[in-house]
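One structure is given here, and the rest of the page talks about it.
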Amino acid sequence: MSRKRSRGAGPFPRPAAGAVISAPAADPPVERRPAPDHRPDPADLYAALDLGTNSCRMLIAQPKGNQLHVVDSFSKSVQLGQGLEASGRLSQASMARAVGALKICQRKLQKHRVERMRLVATEACRRASNAAEFIALVERDTGLALEIIEPEEEARLAVVSCAPLVSTKTEQLLVVDIGGGSTELVWIDLSRVPRPDRPRAIMRLHQGFDHEDTVFPRAKVVDWISIPLGVATLKDMYHDVADDGARFALMSWFFEEQLAEFSPYDDAADQARAGFQIIGTSGTVTTVAASHLGLRRYDRNKVDGLRMTSDQIDSVISEYLALGPEGRRRDPRIGRDRQTLIMSGAAILQALLRAWPTDRLSVADRGLREGLLYAQMSRDGVLEE
């Protein structure tokens, strides 16, 4: 299931442009004026929209020093990839749900008069045979031009979003982004970067994993992989296994098999040592963190940046298994949107921790949207170093 690289070809596939398909706009389209040539006003608003296999999420923000100030946000479960594993197509119902959510995003963009934006779709649209039809439908009904990005860019932007969480003591970094339809892993060697510059070296990866930086110390991407298995697709593969514990075990071991394509997997036992850090970004990781903290109401300020040990994560997952499907449905720490997907996500997380046990898993309540915003603002020169 993992994306293959020919033997001896190195870690980077040939770049492929994301698909952008235009169609006549209707119902007043979002105004997309060409960006001015001069340096943007730091007060300008930026937007990033991520339409994934399970959710539609958007952030509207402005630069503030070297961080983002969020002005507005949107998040809704649309289950765009529901049934995709079996049919290879996006269903009419799932496309209608997504368009409904995107119309809300369109109204927010118009309300805030946002001119600088990137609106992207990921694994579900990469895989669906009728993705072009869907992209055209979205532009016709909402005026929004979605861009289907390639796995390499999705992985790169997830890494960039996590730069503020990178410890200056970290020499080997693994960033894991567990999505609805795919999971991206990126291994980065920071050992040659001076300690104070390590977070900034991660941020500069928005230029590309193989970008040669002759001015600043460079973070070396050892390897990356996009596995076309996420919380929604893995759950769909094993939906016919009745026993809860057996289904979890099968999902976890099957996912670990896909890690064989990732070169650091061969040396996993040697990597879990001082100076090694995993950053996990996904709804799965933040939900496990909220459960560990006993939060009955989610609080991003308590979750983002939290560090957990392998034992603490295993304890939460064991509790989920003991609860069973009905107990998980009633658990307020998991939430209604997450309870059907939490065990497939936990299976992926446990497989990763079998390979790289750690006492430094950093929880990131951030991801593709933040990466898109950081990359846009960095290119425009409106973020401070």
Whether [X] side chain and [Y] backbone form a donor-acceptor pair below 3.5 Å:
X: Thr53; Y: Gly181; value: yes
X: Glu147; Y: Ala121; value: no
X: Asp189; Y: Ser191; value: yes
X: Ser362; Y: Ile279; value: no
X: Asp223; Y: Ser263; value: yes
X: Thr183; Y: Leu229; value: yes
X: Arg296; Y: Pro332; value: no
X: Asp236; Y: Glu85; value: no

Hydrophobic cluster identity match, [X] and [Y], side-chain contacts under 4.5 Å:
X: Tyr238; Y: Trp253; value: no
X: Leu353; Y: Phe254; value: yes
X: Leu84; Y: Val78; value: no

Worksheet item: Can you check side chain to side chain donor-acceptor pair (under 3.5 Å) on Thr309 and Asp311, steps first, answer last?
Response: CA-CA 5 Å; Thr309 67; Asp311 288 344; 5.2 Å; no
Which heavy atom in [X] sits nearest to a heavy atom in [Y], and how many Å separate them?
X: Ala158; Y: Val175; answer: O-CG1, 4.4 Å
X: Leu165; Y: Gly305; answer: CD2-CA, 3.9 Å
X: Ala47; Y: Leu109; answer: CB-CD2, 3.4 Å
X: Ala355; Y: Leu259; answer: CB-CD1, 4.5 Å
X: Tyr320; Y: Thr287; answer: OH-O, 3.5 Å
X: Ser182; Y: Ser226; answer: CB-OG, 4.1 Å

Fill in: Aromatic contact, Phe276 with Trp187 (centres under 6.0 Å)
yes
Got a second to check how far [X]'s [atom1] is from [Y]'s [atom2], nearest 0.5 Å?
X: Phe248; Y: Asp243; atom1: CZ; atom2: CG; result: 12.5 Å
X: Ser77; Y: Gln82; atom1: OG; atom2: CD; result: 9.0 Å
X: Gln106; Y: Leu119; atom1: CD; atom2: CG; result: 11.0 Å

Fill in: Heavy atoms from other residues, nucleotides or ligands near NE2 of His112 exceed 12 (cutoff 6.0 Å)
yes
Discussion item. For Lys108, is the NZ atom crowded, meaning more than 12 foreign heavy atoms sit under 6.0 Å from it?
Written reply: yes
Discussion item. Set out, in order, the CA-CA distance, both residues' side-chain angles and the distance that settles side-chain contact (heavy atoms from CB on, under 4.5 Å) for Asp314 and Gln350, then state yes or no.
Written reply: CA-CA 7 Å; Asp314 282 342; Gln350 192 174 76; 3.7 Å; yes
Worksheet item: Does the pair Asn54 and Leu341 meet the rule for a side-chain contact (heavy atoms from CB on, under 4.5 Å), with working shown?
Response: CA-CA 10 Å; Asn54 189 58; Leu341 300 170; 3.4 Å; yes
Worksheet entry | Reference residue Thr170; test side-chain contact (heavy atoms from CB on, under 4.5 Å); the match among Arg195, Arg360, Arg198 | Arg360
Item to complete: Check whether NZ of the Lys or CZ of the Arg Arg156 lies under 6.0 Å from the centre of the six-membered ring of Trp224 and within 45 degrees of that ring's axis.
Response: no
Any side-chain heavy atom of [X] within less than 4.5 Å of one from [Y]?
X: Met308; Y: Asp359; result: no
X: Gln172; Y: Gln277; result: no
X: Arg369; Y: Leu49; result: no
X: Val114; Y: Asp44; result: no

Discussion item. Between the side chains of Glu370 and Arg57, is the shortest nitrogen-to-carboxylate-oxygen separation below 4.0 Å, so that they form an ion pair?
Written reply: no
Discussion item. Any salt bridge linking Arg192 with Glu171? Criterion: basic side-chain nitrogen under 4.0 Å from a carboxylate oxygen.
Written reply: no
